Amino acid sequence: MINKTEKIWMDGKFVNWDDAKIHIMTHSLHYGLGAFEGIRCYNTPKGPAIFKLDEHVKRLFQTAHIFLMDIPFTEDEIKSAIINTVRINGLKECYIRPLVYIGYGAMGLYPKGNPINVAIAAWPWGAYLGEEGIEKGIRVKVSSFIRNHVNSNMSRGKVSGYYVNSQIAKKEAISCGYDEALLLDTEGYISEGSGENIFIVRNGVLKTTPLTSILEGITRDSIITIARDIKIDVKEERFTRDEIYIADEAFFTGTAAEVTPIRELDGRVIGDGKRGKITKKLQSIFFDIVKGRNKKYNSWITYVK
Ligand SMILES: Cc1[nH+]cc(COP(=O)(O)O)c(CN[C@@H](CCC(=O)O)C(=O)O)c1O
């Protein structure tokens, strides 16, 4: 069950969590066209700070742009609303969910005149794939469902309705006794997890999927930068499921998933079946950064004063 907080921001005003309601005939509820973000705020020695706020808000507006949704607020207004949502709820660490949706009005696939509404909620949300997963790694299954074609899904967009594909993949993985699903693209190459990007390590080289059928992950981009800063060779190129089977290490990245090692894929143990050395190094630098303990990356965090 979600951890309720006090207030939710809706179209410029704060409302009580229990009063944050919309009409059942709200367009996006029926047709799935909503733009959303997942953002984390961490506690730091100088108080709560939001990780890569600018990048997340930019992506939210890019998604709306791709789908011809005019957000009736500026990026700065949304950034302040996000900061104020964390502040008004007195949260030190939380997960933040801005949602841009097509509101109540016409029905049908061409909703002329329906308003574009915006809501922002923030709540405590711990390790997405479990604390144990962060330490020891998780078990993953290649899904029998694939990512949509790049001309079906506009994969630079983070759209609510796309997560039907992710949910059916995750349900299958869990019903088969795994922790998470890994989806292939339409050509059978590795794409991404149901809610994460993926990295592998082979012979000291870090490899991740190129920006094709995958969401342009902000955590993915951060890990690539961190890896290159510590002189790890990073390749963004396609690879297949069996390259993961024989990899030395593998891990997921995402705002919710953070950096979660993968210890097994489809019953094949990866490396020695534990969190790999490079994974551990990148994970620890990442957590130092988000928790305000690495000055070099201070521009990546926005303090909620
Ligand atoms: C499909 C997908 N791929 C990659 C990522 C990683 O992107 P980024 O967060 O920018 O590094 C996410 C985020 N998944 C979000 C949704 C989780 C949820 O269950 O809801 C998240 O991690 O917030 C995805 O949903």
Side-chain angles (χ1 to χ4, degrees), residues 1-3 32 34-42 50-63 82 93-101 119-130 133-134 138 140 143 145-150 152-171 173-174 179-185 190-199 208-227 236 250-260 262 282-283 286-287 289-290 300-301:
M1 189 69 166
I2 192 168
N3 299 305
F36 75 99
E37 274 301 320
I39 312 171
R40 274 196 190 266
C41 175
Y42 291 88
I50 299 169
F51 183 62
K52 293 234 168 160
L53 175 61
D54 291 358
E55 290 80 354
H56 279 285
V57 172
K58 184 159 183 283
R59 189 171 66 183
L60 183 69
F61 276 75
Q62 284 173 339
T63 302
I82 288 169
E93 298 223 328
C94 61
Y95 181 88
I96 307 158
R97 174 55 56 86
L99 174 68
V100 175
Y101 61 97
I120 303 167
W123 68 93
W125 196 4
Y128 185 64
L129 295 164
I134 293 265
I138 60 170
V140 179
S143 182
F145 303 99
I146 62 169
R147 268 285 176 251
N148 289 309
H149 188 280
V150 290
S152 305
N153 266 18
M154 300 291 102
S155 42
R156 294 287 89 73
K158 193 170 168 67
V159 168
S160 312
Y162 289 172
Y163 288 79
V164 170
N165 174 238
S166 291
Q167 290 173 77
I168 196 169
K170 183 136 191 176
K171 281 173 185 267
I174 289 175
D179 301 310
E180 187 52 281
L182 176 61
L183 294 97
L184 305 178
D185 66 17
I190 296 294
S191 179
E192 59 186 337
S194 69
E196 312 88 357
N197 294 117
I198 187 166
F199 286 80
T208 191
T209 39
L211 293 177
T212 48
S213 64
I214 64 167
L215 183 71
E216 190 166 352
I218 290 167
T219 317
R220 171 188 179 277
D221 187 58
S222 307
I223 291 295
I224 289 172
T225 302
I226 294 167
E236 294 177 69
F251 58 92
F252 277 141
T253 63
T255 298
E258 298 167 309
V259 178
T260 299
I262 300 168
L282 292 170
Q283 189 186 58
F286 174 79
F287 280 122
I289 292 169
V290 298
W300 288 8
I301 60 178

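Counting starts at 1 for both ligands and their atoms, following the listed order. Quick caveat, the model's predicted, so the values are computed rather than measured.
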Quick check for you: to the nearest 0.5 Å, what is the distance between Arg59 atom CZ and Leu215 atom CG? 4.5 Å
Are side-chain N/O atoms of Glu258 and Thr219 paired as donor and acceptor at under 3.5 Å? no
Check each N or O atom of ligand 1 against all protein N or O atoms and list the pairs under 3.5 Å, with atom names and distances to 0.1 Å, one per line.
residue  : atom   : partner : partner atom : Å
ligand 1 : 3 (N)  : Glu192  : OE1          : 2.7
ligand 1 : 9 (O)  : Thr255  : N            : 2.9
ligand 1 : 9 (O)  : Thr255  : OG1          : 2.7
ligand 1 : 10 (O) : Arg59   : NH1          : 2.8
ligand 1 : 10 (O) : Arg59   : NH2          : 3.0
ligand 1 : 10 (O) : Ile218  : N            : 2.8
ligand 1 : 11 (O) : Ile218  : N            : 3.3
ligand 1 : 11 (O) : Thr219  : N            : 2.9
ligand 1 : 11 (O) : Thr219  : OG1          : 2.6
ligand 1 : 14 (N) : Lys158  : NZ           : 3.4
ligand 1 : 14 (N) : Gly195  : O            : 3.1
ligand 1 : 19 (O) : Tyr128  : OH           : 2.6
ligand 1 : 20 (O) : Arg97   : NH2          : 2.9
ligand 1 : 22 (O) : Thr255  : N            : 3.3
ligand 1 : 22 (O) : Ala256  : N            : 2.8
ligand 1 : 23 (O) : Tyr95   : OH           : 2.5
ligand 1 : 25 (O) : Lys158  : NZ           : 3.3
ligand 1 : 25 (O) : Tyr163  : OH           : 2.7

Glu236/Arg220 ion pair, N-O < 4.0 Å: yes
Quick one: side-chain contact (heavy atoms from CB on, under 4.5 Å) partners of Asn165, sequence neighbours excluded? Phe145, Arg147, Asn148, Leu183
Verify the neighbour count for atom CG of Leu99: are there more than 12 heavy atoms of other residues, nucleotides or ligands below 6.0 Å? yes
Specify whether Phe199 and Phe251 have parallel, tilted or perpendicular ring planes, treating 30° as the upper limit for parallel and 60° as the lower limit for perpendicular. parallel
